Asks: 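Right, I'll just put the structure down here and ask away after.
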Amino acid sequence: MSTPVLETENLVKVYGRGAARFDALKGLTFEIHDGESVAIVGKSGSGKSTLMHLLALLDEPTAGVVALEGRPVSQLDPKKVSRLRNETFGFVFQQFFLNANQSVLDNVTLPLKIGGWGRSQRNERGMEVLEQLEIADKAKNRATDLSGGQKQRVCIARALVNRPSVIFADEPTGNLDTATSEVVEDILFGLHRDQGITLVVVTHDEDLAGRCERRLHMQDGLIVAEEHGVITPGQLDTTFDPAQLGLEDEEDRA
Amino acid sequence: MRALDVTRTALGNTMRSKLRTFLTVIAIVIGAFTLAVTTGLAAGVNQTIEDMVDGYGDQDQIYVMQASAMGQGEDTGPGPQEYDPDTAGQQSEFGQAMLTEEDIETIEGIDGITNVDPIFFVSPDYLEAPDGGQYLLSELGLPADASGMELVAGETPARDSMEITVPETWLAIFDDADDDYEDVDPESVLGETVELGISDMVRESHTVEAEVVGVSVQNLAGIGGSPMPSHALNDELYEIQSSGLDVEQDDAFVQAAADVEDMEAFEDSIKEALQEEGLVGLTVEDFMGIIQTVIDAIAWVLYGFAVIALIAASFGIVNTLLMSVQERTREIGLMKALGMSGGRIFGLFSMEAVMIGLLGSLIGVGGGVLTGVVANALLTGSGGPLGDVGGLILYAVSPVAILSITGLVVGIAFLAGTLPAARAAKKDPIEALRYE
């Protein structure tokens, strides 16, 4: 496989001190390669979210190193870290985190606005991703007017808008019903396959984890097992058909 | 994030909860309004005073009087004072110490003084027009003020000739056909001869002839509002007024107007020399300076109140923005996660404070200026309650003041915004995204 896009060495994260001390991560060393899809699986409290935050440079480890494309980033100046995050990562959250009072397009182009793009450029790029995800017709709508599946599609568009090399998805299907979940999964893995975007998924959903090329099972701050290979690929239809998404909502309304 | 986007986003955010922004802005509007009205008022009244000073014309005159008349000097105080036959009798009807001929000579001897005119008040009885009509004349202008007089025709009376100017409003007495003075051509009365009637000390009436050489309009200082004689005519009238009794009486004057060669160079030395003689010299600017000081003091008290209002308003901004930061915790977390630096978050929230300040100052200053201009027009315009006070300006628009008020308000708003903005900037993105 190619060079690791993300690597960690003896990653330790400790919260609190003394009696209240809690070791969230107890020395993790692993690599995530460019174009890979990795699931971090575990029960709540296993440290999987903490690990994702460290990988996504949202938090600093107590000890150990996170390296992005071979360069250690833990000691970088916060401003540079912010910039790196803005340019190389995309985020999909369970709770969407869309700005209710802004249009879909404004929500999608927020990373570009933060990155300092001009208005016309970022709107152009925003429409491009919205078209790619086939919700361009909702560009002017308010984010609150959308259904759950549509909202998550907007979130994926926002994660894609800065052409990231890594997309972090934190329970991306946690708030969606089974049918919609499947469509969102299809979109994510379609992007992974077609555009070679590295996918890091944090989930406790075995189905979603099973579609990743690699699974890191976490328990009590340690990786207790590592599995390779996609589970039962034949059972799943990974063809991306955006038209499916949102259909069920419209049927509901009708 | 670009500066333009920060501004635009900040503006959008302040407009998000309009009622809250509106209520916060009101407090600022009150402060800015008060400041705008007060500065305009102070500027207007001071402008009026400056116009009045200009109305006195020559600024190179110094008015001299006895120090005790001004409450200065050694021999004043509430207790009884020793009787001095030399100074006794040299008091005006109001008990004011007067200048003697000797004093006038002393003043003339001071370096830098070119001429001294004692000021005495002449009370003629009437002015007789060429057609024989007699008009009550209780007040005459002081020849010393002639230099500040505004003329619509002719010239000021020559010092040594028996000449006089009349106010514009008196023109009708020269022309029976016209009752309205505005219809009379001022040029037509020049060269006419009038007679002044005056009584001496035994109530015997005398007349003096004088030639009309000019027509005046009353200025802000009141000069030109009554007929103004030449020095020679004034002296003649005074002679008659104080004659009739077979008693030799020393002349005494309330004050004297001294012409100064070069005010800037001699002002201090002259005042010092006068002080040594127990006299006091005041320039026109000194007189007006006293008034201006009072007005400025009142203005500063009002500024103080306005600034207190602004400080109170700034706590409103702090409160509003703290609430806003709390409400938008998730949004802040998201922006941070998506790569917005703490500095930019700080910039965004302090820009919101600046927007509130700017909005408040625009409305407040705009309203203040508008109110001032309209009130000025209504009050001092013709028909207004203060319309008779010629040349009075109650409110003057000063661009410098407007800009500095806006700057001050925005500055205070920015300072108020720093606390909430710093709080927003410090938020941990993980905590913020977890926040429910």
Side-chain angles (χ1 to χ4, degrees), chain A residues 13 15 24 49-54 56-60 76-103 106-123 143 155 158-159 161-162 164 168 170-171, chain B residues 1-22 320 323-352 355 421-436:
Chain A
K13 183 69 185 180
Y15 293 109
S49 290
T50 307
L51 178 59
M52 192 207 83
H53 292 148
L54 290 179
L57 310 180
L58 287 168
D59 204 355
E60 282 181 31
L76 278 181
D77 156 62
K79 235 180 181 171
K80 271 190 189 146
V81 174
S82 292
R83 184 134 208 104
L84 266 177
R85 226 169 29 229
N86 182 255
E87 285 167 359
T88 46
F89 296 154
F91 290 93
V92 179
F93 303 97
Q94 180 181 358
Q95 296 100 327
F96 315 130
F97 295 135
L98 295 173
N99 266 336
N101 56 338
Q102 283 181 342
S103 72
D106 284 346
N107 268 290
V108 167
T109 55
L110 181 62
L112 302 183
K113 187 161 146 186
I114 291 170
W117 288 43
R119 184 182 246 199
S120 57
Q121 280 173 299
R122 61 178 194 247
N123 283 350
C155 287
R158 183 175 64 195
V161 79
N162 57 342
F168 290 96
D170 187 359
E171 300 282 11
Chain B
M1 205 182 226
R2 292 183 176 185
L4 182 68
D5 279 325
V6 170
T7 315
R8 207 182 275 152
T9 309
L11 186 63
N13 287 341
T14 50
M15 287 301 141
R16 212 187 281 180
S17 47
K18 290 195 180 62
L19 181 64
R20 195 158 72 189
T21 304
F22 172 71
T320 302
M323 271 197 281
S324 178
V325 167
Q326 195 66 21
E327 274 170 20
R328 282 149 63 191
T329 297
R330 273 169 161 230
E331 192 188 325
I332 295 164
L334 177 72
M335 287 194 288
K336 282 196 124 178
L338 295 182
M340 191 144 161
S341 65
R344 283 295 184 186
I345 300 266
F346 180 89
L348 182 62
F349 276 88
S350 39
M351 185 55 93
E352 284 183 28
M355 284 294 162
R423 218 179 242 202
K426 260 192 274 172
K427 280 209 186 289
D428 176 9
I430 298 169
E431 285 298 318
L433 287 177
R434 215 178 277 151
Y435 177 84
E436 294 298 328

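Order of the sequence lines fixes the chain letters, A, B, ..., with proteins taken first and strands second; residue numbering starts at 1 for each chain. Note that the coordinates shown come from a computational prediction; the quantities given were computed from them, not determined experimentally.
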Asks: Passes side-chain contact (heavy atoms from CB on, under 4.5 Å), Leu433(B) versus Gln94(A)? Steps please.
Replies: CA-CA 11 Å; Leu433(B) 287 177; Gln94(A) 180 181 358; over 6 Å; no
Asks: Which atom names give the shortest non-hydrogen contact between Met335(B) and Ile114(A), and what distance separates them?
Replies: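 Answer, listing the atom of Met335(B) first, then Ile114(A): O-CD1, 3.6 Å.
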Asks: Holding to salt bridge (charged side-chain N to carboxylate O under 4.0 Å, His left out), I want the full list of residues that pass it with Lys13(A), two or more places apart in sequence or in another chain.
Replies: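 Lys13(A): salt bridge (charged side-chain N to carboxylate O under 4.0 Å, His left out) contacts with Asp59(A).
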Asks: By a 4.5 Å heavy-atom criterion (distance strictly below it), what part of Phe93(A) contacts chain B: side chain, backbone, both, or neither?
Replies: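 Side chain only.
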Asks: Which pairs pass salt bridge (charged side-chain N to carboxylate O under 4.0 Å, His left out) with one or both residues in residues 85-95 of chain A, sequence neighbours excluded?
Replies: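 Listed once each, the pairs are Arg83(A)-Glu87(A).
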Asks: Could you tell me which residues in residues 338-347 of chain B have at least one non-hydrogen atom under 4.5 Å from a non-hydrogen atom of chain A, sorted by residue number?
Replies: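 From residues 338-347 of chain B, the residues near chain A are Leu338(B), Gly339(B), Met340(B), Ser341(B).
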Asks: Is there a side-chain contact between Glu331(B) and Leu110(A) in this structure, where contact means two heavy atoms from C-beta onward sitting under 4.5 Å apart?
Replies: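 They are not in side-chain contact.
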Asks: Give the minimum heavy-atom separation between Ala337(B) and Phe91(A), together with the two atoms involved.
Replies: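 What the structure gives for the nearest pair is O-CE1, 3.5 Å.
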Asks: Side chains of Lys113(A) and Arg2(B): closer than 4.5 Å at any heavy-atom pair?
Replies: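 Not in contact.
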Asks: Taking side chain as C-beta onward, heavy atoms only, is Asn99(A) less than 4.5 Å from Arg330(B)?
Replies: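 The answer is no, as the side chains (C-beta and beyond) never meet within the 4.5 Å cut-off.
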Asks: Please output the residues of residues 6-22 of chain B in contact with chain A, using a heavy-atom cutoff of under 4.5 Å, in numerical order.
Replies: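 Against chain A, the residues of residues 6-22 of chain B that fall inside the cut-off (heavy atoms, under 4.5 Å) are Arg8(B), Thr9(B), Arg16(B).
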Asks: Any idea which heavy atoms bring Ile430(B) and His53(A) closest together, and the distance?
Replies: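 Smallest interatomic distance, heavy atoms only, reads CG2-CE1, 3.4 Å.
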